[in-house]
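Some notes on the structure that comes next.
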Amino acid sequence: MTPENFIATKASEAINSLYNKHVDAASLQVQVTRKEFEGDYTLVVFSLSRFSGSTPENTGKAIGEWMSSNVPEISAFNVAKGFLNLSFSNVYWNGLFSEIVSDANFGNLPSTGRKIMIEFSSPNTNKPLHLGHIRNNLLGDSVSKLLRACGNNVITSTLVNDRGVHICKSMLAWEKVGNGETPESSGKKGDHLVGDYYVAFNDIYKKEVESLIAGGMPEDEAEKNAPSLLEAHRMLVAWEHNDKQVRDLWAKMNSWVLKGFDETYKALGISFDKTYFESRTYLLGKELVRKGLDMGVFVKDPDGSVWCDLTDDGLDRKLLLRGDGTSVYITQDLGTAEKRFSEYNLDEHVYVVGDEQNYHFQVLKLILKKLGFPWADNIYHLSYGMVELPDGKMKSREGTVVDADDLIEQMYETAKETSLESGKLEDMSDEDKEKLYHMIGLGALKYFIIKVDPKKTMLFNPKESIDFNGNTGPFIQYTHARIMSILRKADEKGISRDLSCLKSDLPLTQKETRLIKLLNSYPSKVAEAGEALSPALIANFAYDLAKEFNQYYHETPILKESFPDLLSGRLILIDTVASVLRRAMGILGIGLPDRM
RNA sequence: GGUUCGGUAGCUCAGUUGGAUAGAGCAACAGAUUUCUAAUCUGUGGGUCCAGGGUUCGAAUCCCUGCCGAAUCACCA
């Protein structure tokens, strides 16, 4: 039981005993006491005057007196306005501390038996990943780990958008001006190579449009009739008709891109349990359209196109099948959702997709509901805002896109520079150093992005992101490294860390009870974050804990003086801090080094 | 125009089911290193929580109106 629940329960008993009124413990408000007041937890008593018929102050006093004489764990109380501040005894904190230490599975919630699929990343195979994808990938990866920590069976998946006219554009440009260039022959990473031809296509296209306009064609018509664009469309049709030459080229270039993506994912420390390819799923959903027509939830227009009328729900009419019978994006999504739920027997499905698709997912859910699927309510769109740069939005046309690989490299380099400046790693092997630079650089990047509320448009300042102070990943990594350093030193000195020293009368300083309080709140923080699909909550928790530890570290000579039991108890405490930091940062996908 | 989401310190962001004098970091300034790692810590200054109204013991938080910003409203994906 958490301290908050404990107090609520006891307070409910107090009210029962004092005023002979029943009040549900869950309805009572208990919060952590603010720093400037004496006490550990605070019961808000304003609303309890109705039971006592007295002022909040008197009510607080009465309940406080009852608790301090009837609840041995409560050592003191004071009342300020309508707030009853309660202090726990040293015995209680020691007990709580022992519980945390002895729970090998601390912070991992019991199994829910629920199976959840989470789809994220979902890249197009015509260009490399950029900063926007990084936010997506990091969110998806950390949320999947968070849901696992919450006791769910999680399947990570990605849907590779490997077909469509945008892919044909890269292919076409490669055919025209590529001279047979390959990743091997050019030394370029596959996704970058293909991306270059996507850019090359746009150059060709732009010139064609210009010359058509110069020849007297209106702009909008020129944009539709540029020869290369028409050619790309013909290529798409050939692809759909399984034209061998087109398919071979497509398969070859896609394999380059996918290999490039794999490297980026590996550098980010991300993997998927299941990879779907749009080229194999894009025809799904037509069955559902038929079903919807039979059920009368869809309508067919005279031209043969099929629609779902959502005007009663405050939305528009949504197209599901074109007049020629071909499907559109949402048709495919309906089909894949149905397939996944039935194939995997899912309880929930989370989609990590940018907020420009909020409307799409609103519609998707609504249509699935109209089709009568009971799981339609268990679809969550984890929507995230755009990443902007100090000089504005990223625009691929203007070349202001931050490339994922470049960024990762840049973070690594900065971590390396800063580490070299500190000069603390001279005796470390080169191999370990490389690992460490990567861990720090990536930790900085991941933490910077994950700590921001997903739905907010965020500003990414490349310079500031590589800050190793303050609320950053490296700060937490550094805190961990310091703890490990102390533990190493303790081992050298032969100081034991025997759990038997944890007796109920071990004296604790205020800073130490604060640390225990924080540690103890971790499981409920995980539950809360899992509920809200918000790894940012975990990031902020980790920072709070690291900060609290650093303050403690500064004013407490951990290895100096004191009795053996006290010394041993302190070491166990900071060891537990390190272990909870590892758990929390593990959810964010951030590694913690033993030294740095 | 409709819908959805944002607006908190100079900047980047927290702020729990409505609770006490709204918090961090960065930047600025002033301090602390014979140390268990100073990549740290302490202090100072900095606020019309977009504006106005409402609900109540109590509002950054909930409701209404307005202002500003973003996304979206495709036979694109």
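In the text below, chain A, chain B and the rest are named by the order of the sequence lines, each starting its count at 1.
- In this structure, NZ of A:K35 is placed 18 Å from P of B:U21, rounded to the nearest angstrom.
- B:C73 atom P lies 10 Å from atom CD of A:E356, rounded to whole Å.
- Residue A:Q357 is classed as a base contact, given a heavy-atom separation below 4.0 Å to a base.
- Rounded to a whole angstrom, the distance from the P atom of B:C64 to that of B:C73 is 26 Å.
- The separation of B:U8 from B:C13, taken at their C1' atoms, amounts to 10 Å, rounded to a whole angstrom.
- Annotation: side chain to side chain contact (heavy atoms under 4.5 Å, CB included) contacts of A:E356 (sequence neighbours excluded): none.
- Taking 4.0 angstrom as the limit, A:K547 places a side-chain polar atom (N or O) nearer than this to OP1 or OP2 of B:G25.
- Using a 4.0 Å cut-off, some side-chain N or O of A:K456 falls inside it from OP1 or OP2 of B:A14.
- Between A:F120 and A:Y351, the gap from one ring centroid to the other reaches at least 6.0 Å.
- Pairing for B:G18 is absent, judged as Watson-Crick or G-U wobble with the two contacts each under 3.5 Å.
- With both ends at atom C1', the span from B:U42 to B:G58 equals 34 Å, rounded to whole Å.
- Using a 4.0 Å heavy-atom cutoff across all strands shown, A:Q29 reaches at least one base atom of the nucleic acid.
- Sorted by first and then second residue, the pairs that involve residues 466-495 of chain A and meet ring-ring contact (aromatic ring centres under 6.0 Å, His included), not counting sequence neighbours, are A:F475-A:Y543.
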Summary of protein contacts for nucleotides 32-39 of chain B, nucleotide by nucleotide, where a base hit scores B, a sugar-phosphate-only hit scores S (4.0 Å, heavy atoms): ----BBSB
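- Comparing the P positions of B:G53 and B:A60 gives a spacing of 14 Å, expressed to the nearest Å.
- In this structure, B:C5 forms a base pair with B:G69, meeting either the Watson-Crick or the G-U wobble geometry with both donor-acceptor distances under 3.5 Å.
- Distances shown here put a side-chain N or O of A:K81 below 4.0 Å from the OP1 or OP2 atom of B:U21.
- Side-chain proximity of A:M458 to the nucleotides B:A14, B:A70, B:C13 is greatest for B:C13.
- An aromatic stack links A:F37 and the base of B:A20, using centre distance under 5.5 Å and interplanar angle under 30°.
- When the ring-ring contact (aromatic ring centres under 6.0 Å, His included) test is applied to A:Y522, the partners found at least two apart in sequence or on another chain are A:F541.
- Of the candidates A:Q510, A:E512, A:K511, A:K547, A:E512 is the only one forming a side chain to side chain donor-acceptor pair (under 3.5 Å) with A:Y552.
- Residues A:N540 and A:K525 have side chains not in contact (no heavy-atom distance under 4.5 Å, counting atoms from C-beta outward).
- In this view, A:R497 and A:L487, A:D491, A:L571, A:I572, A:D575 satisfy the side chain to side chain contact (heavy atoms under 4.5 Å, CB included) rule, not counting sequence neighbours.
- Counting any heavy atom pair closer than 4.0 Å across all strands shown, A:V452 reaches sugar-phosphate atoms only and no base atom.
- A:Q332 has its CD atom 16 Å from the C1' atom of B:C75, to the nearest Å.
- In a base pair of the Watson-Crick type (N1 to N3 plus N6-O4 or O6-N4) or a G-U wobble (N1-O2 and O6-N3), with each distance short of 3.5 Å, B:G58 is matched with no nucleotide.
- Per the stacking criterion (ring centres < 5.5 Å, plane angle < 30°), A:F83 stacks onto the base of B:A20.
- Out of B:C76, B:G25, B:C57, the shortest distance to the side chain of A:R322 is found at B:C76.
- In summary, the aromatic rings of A:W250 and A:F277 are positioned with their centroids too far apart to meet the 6.0 Å limit.
- Going from the P atom of B:U72 to that of B:A77 covers 16 Å, rounded to whole Å.
- Within 4.0 Å of A:N85, counting heavy atoms only, lies at least one base atom of the nucleic acid.
- Only the C1' atoms considered, B:A14 is 13 Å distant from B:A9, to the nearest whole Å.
- Rounded to whole Å, the separation between the P atoms of B:A27 and B:C67 comes to 39 Å.
- Scanning for side chain to side chain contact (heavy atoms under 4.5 Å, CB included) contacts around A:S485 gives A:R488, with sequence neighbours left out.
- Listed pair A:R34 / B:G19 fails the phosphate criterion, with no side-chain N or O lying under 4.0 Å from OP1 or OP2.
- Across all strands shown, the partner of B:C29 is B:G43, judged by Watson-Crick or G-U wobble contacts whose two distances both fall under 3.5 Å.
- Within 4.0 Å (heavy atoms only), A:N461 reaches no atom of the nucleic acid at all.
- Across all strands, A:T42 comes closer than 4.0 Å to base atoms (heavy-atom distances).
- B:U17 and B:U35 have their P atoms separated by 47 Å, given to the nearest Å.
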